[in-house]
Amino acid sequence: MLKGRHLVDPQDFSIQELESIFELTQEIIDKPEEFNSICHGKILSTLFYEPSTRTRFSFEAAMLRLGGGVIGFSEPGSSSVAKGESLADTLRTVAAYSDIIAMRHPNEGAPKHGIQYCPVPLINGGDGGHQHPTQTLTDLFTILESKKRLDNLTIGCCGDLKFGRTVHSLIKAMSRYENVKFILVSPKELQVPDYIRTEILEQRNIEFQEVERLEEVIDQMDILYMTRVQKERFFNEADYVRLKDSYIVDLKKLKDAKEDLAILHPLPRVNEIAVEVDDDPRAWYFRQVKNGMFVRMGLILKLLGVK
Amino acid sequence: MLNITSIKKGLVIDHIRPGMGLKIFEYLKLGKADFTVALIMNATSNKMGRKDIIKIEDVIDVDFAMLGFLDANITVNVIEDEVITEKINLSLPVRVQDIIRCKNPRCITTVERDITHKFVLLDKEKGIYKCEYCDHIYSWEG
């Protein structure tokens, strides 16, 4: 039963609960007209303490496509937060006006703190470099759509794995499925945080390898999850110059990849996926971005108990 | 050899890691005590080489879980009529609140007022905790 629940961490929901969201999401994709007024009279608040395009738009579009209303702010300067209001008080107040809240916050753990004061469902729309569970729902749904399964997969994660919260959430979520292996491709200074390695991968005995170069391992992958590597994240210029091309996917690298590889990216991309890849059947990232809205529609319906 | 008289009734907190005695003394607010207390630093120890000891001539409420978090190797001796009646070996508590602060500069606890600082034990052997909000690892080694 997901009615009234919060979504803070990708592991908050059981595998069965995730399946129920994905089934509903597929129904919405198949018959959108049956859902276009189902949330009439309901209000979603979007509290975005830092900028976002995709996440905020997809939440708002999701609620509007369900026939509900949306209120909120897209930067805290225009709210009472600028006057020094605590997060706890802001959430108590906003919860009085709305049926469900989506929040992005620059501080890690903000939603975990916030749910103590929030009587309506609170959805974590990203907290610092920590977690981004609705992106994970989107990623899982897209993996399911492309591979027809969530188990028995070799998942490559490439780029900035230290600060990339979408990768942390994806590893947490996918590590619950049978026989999932990870290949983590990043420069040494941008490897996954210790808690992901110790608490998730090692404690659960999940097979994983950490490598520096994508071209060495791309042939083993069923899924390639790309993220952006920013130059300023490198400790020195020499490493950046040495490794920068290893974190770019182009048709040349894809020659070694499986025919049915699915390339995902949380977007925005800069140059880590060459534009020439966009027309390759293995490119799933634009499908993925659309799925983001449909999955959020399914999630809102479940948390509101409407469906 | 420095001699501190034995106590009639109270607690002896023994086998404190050298240097940690003062921290525990402060944590227990013994500086404000109106009963006899002694903090012995760098006492010789067969087991540890050097150790700190705290003697308290009173029965006070001590949160053993928190004491265990500060130093899990501590032994607490309960004294009645100058005799040890109970020896309590401490261990790391599963949860600690408002004792340490998260070292992650991006953690919500660094900016939100009136927030409880909560940690949960991750690795008993290595004494590793994680922040309950942001999952950042905390260990005494830093």
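Proteins get letters first, then strands, A, B, ... in listed order; numbering begins at 1 in each. Atom set for the values below is all heavy atoms of this structure, side chains included, hydrogens, waters and symmetry mates excluded.
For the set B:Ile137, B:Ile115, B:Asp135, the entry with the most heavy-atom pairs within less than 4.5 Å of chain A is B:Asp135.
Listed by sequence position, A:Asp194, A:Tyr195, A:Glu199, A:Gln203 are the residues of residues 192-205 of chain A in contact with chain B, using a 4.5 angstrom heavy-atom cutoff. Contacts of residues 111-126 of chain A with chain B at a heavy-atom distance below 4.5 Å involve A:Lys112, A:His113, A:Gln116, listed in sequence order.
Proximity to chain A involves both the backbone and the side chain of B:Arg106, based on heavy atoms less than 4.5 angstrom apart. Heavy-atom distances place the side chain of B:Thr110, and not its backbone, under 4.5 Å from chain A.
In terms of heavy atoms, B:Ile108 sits closest to A:Leu87 at CD1-CD2, 4.1 Å.
Here the straight-line distance linking atom OG of A:Ser86 with atom CD of B:Glu112 works out to 5.0 Å at 0.5 Å rounding.
For A:Glu178, the CD atom sits in a loose shell: 12 or fewer heavy atoms of surrounding residues, nucleotides or ligands are nearer than 6.0 Å. The 12-atom threshold is not exceeded at OH of A:Tyr97, counting heavy atoms of other residues, nucleotides or ligands nearer than 6.0 Å.
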